[in-house]
Number of protein chains: 2
Amino acid sequence: MGVQPTTERGRRTRERIVAAAAEVVAQKGALGASLDEVGERAAASRSQLYHYFDDKSDLLRAVAESTNEAVLGAQDDLFAGLGTWPGLVRWTDALVALQEERGGVGGCPIANLLGQLGERDDEIRAVLSDGFDRWEASIRAGLTAMVASGELRADADADWLAASTLASLQGGLILAQARRDPLPLRRALDGAIRLIATYRTTTKA
Amino acid sequence: MGVQPTTERGRRTRERIVAAAAEVVAQKGALGASLDEVGERAAASRSQLYHYFDDKSDLLRAVAESTNEAVLGAQDDLFAGLGTWPGLVRWTDALVALQEERGGVGGCPIANLLGQLGERDDEIRAVLSDGFDRWEASIRAGLTAMVASGELRADADADWLAASTLASLQGGLILAQARRDPLPLRRALDGAIRLIATYRTTTKA
DNA sequence: CACCGACTGGACTTGACAGTCCACTCCGCG
DNA sequence: CGCGGAGTGGACTGTCAAGTCCAGTCGGTG
């Protein structure tokens, strides 16, 4: 996987390259992203790219990892609140608001990369799959906490509900991207919430 | 959009090109598909491609339309049964079985195309969005029929449930593709079914 | 059978991209 | 202060793709 930088200067250059690559990939797609453009945007020359990365695939792998961190990191605060019902609702509201902000453009960056590279590079697929795993684990942790606190009934299957909820989210994002309209995302997440609600102990909304 | 064939021979050539292009795109992705390879696989020369299509985008648009037909057409029989509970269950079972068959490889072709081209070509996005609309409409029709027959309560919102179900399906496919495992799809669809089940009038499973 | 337009073949041009190469600079260390 | 390795610059090459062009062939019609 290329040369690992040993100096501070090299570390920053490598980071600049990954950040620039992530931007270009988001704009032009993974295959449409040219190393020339990445280099230009990172103010790094061709040979620097090949100094830190073996080839384009290697760079894209780094982009995939960085995308995981960006997507999950942006939700960290919200994940922390998932252990309560209002926190769960807040999380979905934030996701819909984010999609509204973007005018429905662009779905989930992880899913986008998966669609473009998942069948072409198994390592990248594994990286992105791990991103989904962590996402699902955060949801599951919240649900498990709600079971422990008695907010959800003990027969609620957190594994199943977490997987199903993440699927609703991902599917909702796809439909929102297709229609350029956040409504399908809202509906999908309402479905997920409503399903979880069938396991609530308190009846009020 | 290129020249519309007037002779039978031309019609078959055009069709061969679209079919070949769909294959290549499925294998290599939309951007990775070269016209050379499409031509070779269709036993058509370069100029034939440009005779029937303005450019690559135009061809990809035709591929998108053909993909819609393929995906929706394959489910026609199952759509017909969606108006009853056992038919709904049968539909989900068939989708999971299909994903098992493929070893989790490749998600929904419509979603894949959307991820690759949706942000780059608005016309293609619209075509694929229309595919989802038709998909959703088929589900909605089934749910509406169940409401009419009294199998579902009258307060079941078919619009919402159809959108949410399609989202679960799409999200489940993404996760299944990422993990190379059909389980997430099964869980997602179980979630969708379970949600619809909360509106059933008869209580038995 | 000659004509005509639809259809076909494949060489050619142009440009872009991944990846290579080597000369150079920077900077810590003895 | 000069040595050496990490880091940098950018020209260069080979490959391959999109799109153009024009000389053909085919088959139905008068």
Side-chain angles (χ1 to χ4, degrees), chain A residues 1-64 116-117 120-121 123-124, chain B residues 1-64 116-117 120-121 123-124:
Chain A
M1 51 176 296
V3 171
Q4 220 54 16
T6 61
T7 69
E8 178 57 21
R9 190 183 173 205
R11 204 192 51 72
R12 276 213 311 276
T13 301
R14 200 194 118 108
E15 204 163 280
R16 232 169 47 235
I17 293 172
V18 173
E23 272 181 54
V24 177
V25 166
Q27 267 182 27
K28 311 269 180 107
L31 283 132
S34 87
L35 297 187
D36 280 328
E37 188 170 353
V38 170
E40 195 179 350
R41 196 176 300 214
S45 77
R46 205 116 190 95
S47 59
Q48 283 163 356
L49 303 194
Y50 282 93
H51 184 67
Y52 293 111
F53 304 95
D54 288 338
D55 51 22
K56 191 177 177 181
S57 291
D58 193 31
L59 174 57
L60 288 175
R61 223 165 294 137
V63 168
Q116 289 172 50
L117 301 170
R120 298 168 74 87
D121 185 319
E123 259 187 81
I124 293 186
Chain B
M1 49 178 295
V3 171
Q4 221 54 15
T6 60
T7 70
E8 178 57 20
R9 190 181 174 205
R11 207 193 49 73
R12 276 211 313 275
T13 301
R14 199 194 119 108
E15 203 162 280
R16 235 170 42 236
I17 292 172
V18 174
E23 272 181 53
V24 177
V25 166
Q27 267 182 25
K28 311 268 179 106
L31 284 133
S34 87
L35 297 187
D36 280 327
E37 188 169 354
V38 170
E40 195 180 350
R41 196 175 299 213
S45 76
R46 205 117 192 93
S47 59
Q48 279 161 314
L49 303 194
Y50 282 93
H51 184 67
Y52 294 112
F53 304 95
D54 289 338
D55 51 21
K56 192 177 177 181
S57 291
D58 194 30
L59 174 58
L60 288 174
R61 222 163 296 137
V63 168
Q116 290 172 49
L117 303 170
R120 296 170 74 88
D121 185 318
E123 259 187 82
I124 294 186

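Residue numbering restarts at 1 for every chain, and letters A, B, ... go by the order of the sequence lines.
- In this structure, the separation between CD on B/E37 and CD on B/E40 is 7.0 Å, given to the nearest 0.5 Å.
- One interatomic measurement links the two molecules: CG of A/D36 to C1' of C/dG19, which rounds to 11 Å at whole-angstrom precision.
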Worksheet, complete the sentence: In 5'-to-3' order, the base (B), backbone-only (S) or no-contact (-) status of each nucleotide in nucleotides 2-11 of chain C, using a 4.0 angstrom heavy-atom cut-off, is ----SSBBBB

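- Scanning both residues, B/L49 and B/L35, for their nearest heavy atoms gives CD1-O, 3.6 Å.
- Between A/L49 atom CG and D/dG7 atom P there is a gap of 15 Å when expressed in whole angstrom units.
- The stretch residues 19-35 of chain A touches DNA chain C through A/A33, A/S34, A/L35, each having a heavy atom under 4.0 angstrom from the strand.
- When rounded to the nearest whole Å, the span between CZ of A/F53 and C1' of D/dG7 equals 14 Å.
- When rounded to the nearest whole Å, the span between CZ of A/R14 and P of D/dT8 equals 13 Å.
- Rounded to an integer number of Å, the gap from A/E15 CD to D/dG7 P is 14 Å.
- In this structure, A/Y50 places its OH atom 17 Å from P of D/dT13, rounding to the nearest Å.
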Discussion item. Side chain to side chain contact (heavy atoms under 4.5 Å, CB included) for A/F53 and A/I17? Distances and angles first, verdict last.
Written reply: CA-CA 10 Å; A/F53 304 95; A/I17 293 172; 3.8 Å; yes

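- In plain terms, the two heavy atoms of A/G10 and A/P5 that are nearest each other are C-CB, 3.5 Å.
- Atoms CG and OG, on B/L117 and B/S57 in that order, are 8.0 Å from each other to the nearest 0.5 Å.
- Here A/E8 pairs with A/R11 under the side-chain hydrogen bond (donor to acceptor under 3.5 Å, both in side chains) rule; sequence neighbours left out.
- What separates CD of A/E40 from P of C/dC17 is a distance of 11 Å, to the nearest Å.
- Within the model, atoms CZ of B/R16 and OH of B/Y52 stand 9.0 Å from one another, a figure rounded to the nearest 0.5 Å.
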Contact list (N/O, under 3.5 angstrom) for nucleotides 1-4 of chain D vs protein:
none

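- Residue pairs satisfying the salt bridge (charged side-chain N to carboxylate O under 4.0 Å, His left out) criterion with at least one member in residues 18-27 of chain B, sequence neighbours excluded, are listed as follows: B/E23-B/R41.
- For the side-chain hydrogen bond (donor to acceptor under 3.5 Å, both in side chains) test, residues two or more places apart in sequence or in another chain that qualify with B/D36 are B/R46.
- The minimum heavy-atom distance between B/K56 and B/L31, with the atom names listed, is NZ-O, 3.5 Å.
- Taking OG1 from A/T7 and CZ from A/R14, the interatomic distance works out to 13.0 Å, rounded to the nearest 0.5 Å.
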